[in-house]
There are 2 protein chains.
Amino acid sequence: MMTIAEAVFAERGYAATSMDEIADRVGVSKPMIYEYFGSKEGLLVACIRQVRTELREQTAQSVIGARSPEEALRNGLVAFFRFTDDHRRSWELLLRTETAVVGPAAVAEIETARQEQIQLHIALFSAYMPDADEQSLEAAAEILVGACERLSVWYVRHDDVTPEQAAEHIMRMTWFGLQGEVTQQDDHPQ
Amino acid sequence: MMTIAEAVFAERGYAATSMDEIADRVGVSKPMIYEYFGSKEGLLVACIRQVRTELREQTAQSVIGARSPEEALRNGLVAFFRFTDDHRRSWELLLRTETAVVGPAAVAEIETARQEQIQLHIALFSAYMPDADEQSLEAAAEILVGACERLSVWYVRHDDVTPEQAAEHIMRMTWFGLQGEVTQQDDHPQ
DNA sequence: ATAGTAGGTTACTTCAAGTAGGAAACGGTA
DNA sequence: TACCGTTTCCTACTTGAAGTAACCTACTAT
């Protein structure tokens, strides 16, 4: 039942999906769904929760037995991207809720904004990292944009943090990781 | 007119806002808004586009005149977080569209999922970075989660990339930046 | 056999997006 | 000044989907 709802949400988008349609596909009547989930949003929440649990379990599983923090982190990351592959639909729902919820035009607009920013970063990086392949540059730019977006959410919850400090947090994590690539002679310690 | 729409969207949330309400507040009738923007989503797109333009201009401005890539990046980041401060409302719309669009329960669910992940990372980090302050740990965890989310979007668009490669991209950018903090004796080059 | 209940359905209400058709103001012409 | 076309905007409707009320069927216990 939630499986079907999840599929329909991912397929049509949350807003474009009617409860009648879900009820139809499930082969049950609408009030039944309201009986179980209370509302359309309740159904969405239930779907999200299920996916979330699954993701958490899979990544947690992958980390146990790691012998170093580096290994733990890498294992977790690999598990995360594997999950993306295996549950493409669910992933849409959990990590791209905006896409599932708002119409396609608005999503396109936001995605365009991001891509602009990303292209700008790629241009900046590539000037100083001539040896890096295109894929790494793209990935680096995406990571940077994701980091900014997420940290800005954190940032607004912390009135005591200055813009300079927030920027510094990102610099510490990304730049000094990048710098090894820029110089090309300063290989990563360990 | 878009100013008002933006404010109402940010205040009530996109879904919870009716076109009648916006029309009322603007002091014009509903068909007028449809004349200009075509649909509710069209209005949202227009608002997003405006904010996006402003953000792009402000960050672009901040970068010119930088003497090194590091300086350029830092300036851009600072400008970005300043923008967050100055345009709290607009920022909601552009960077937290999911929040503005879906109901509060679903947002809470997703945010909880993220926080779980973040707490996990904080625990992992803090074991190896005893000297780091709480704020830095939090920021690092948020950045990592943001990086994962964003890169996963990129990842699904690239069928030729393996989960291991995606994980490696994140490791390169974040871990080798973090490692300087872990060892505490290996100060950042330059 | 019958009363009560669990589980489900049909058919309604309500509310908001989007639209059609008309009123009013304005501008040009005699 | 009176009249007609055009533009501009609003009132009032249609449509569609979320959520609900009232009813119906089948099963169980006395």
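A, B, ... follow the sequence lines: proteins, then strands. Residue 1 opens every chain. From a predicted model like this one, the values you see are computed outputs, not experimental measurements.
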Please encode protein proximity along nucleotides 5-19 of chain D as a string of B, S and -, counting only heavy-atom distances under 4.0 Å. ----BBB-----SBB
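A salt bridge links A:Glu142 with B:Arg157: at least one charged nitrogen is closer than 4.0 Å to a carboxylate oxygen.
Partners of A:Trp154 by ring pair (Phe, Tyr, Trp, His ring centres under 6.0 Å), not counting sequence neighbours, listed by chain and number: A:His158, A:His169.
Regarding B:Phe37, its CZ atom lies at a distance of 16 Å from the P atom of C:dT19, rounded to whole Å. In this entry the distance linking CD of B:Glu21 with P of C:dA16 reads 9 Å, nearest Å. Here C:dA20 presents its C1' atom at 13 Å from CD of B:Glu35, a figure rounded to the nearest Å.
Side-chain atoms of B:Glu41 come within 3.5 Å of backbone N or O of A:Ala106 as a donor-acceptor pair.
Using a 4.5 Å heavy-atom cutoff, the side chains of B:Leu43 and B:Tyr14 are not in contact.
Cation-pi contact between A:Lys40 and A:Tyr34: absent, since separation from the ring centre below 6.0 Å together with deviation from the ring axis within 45° is not met.
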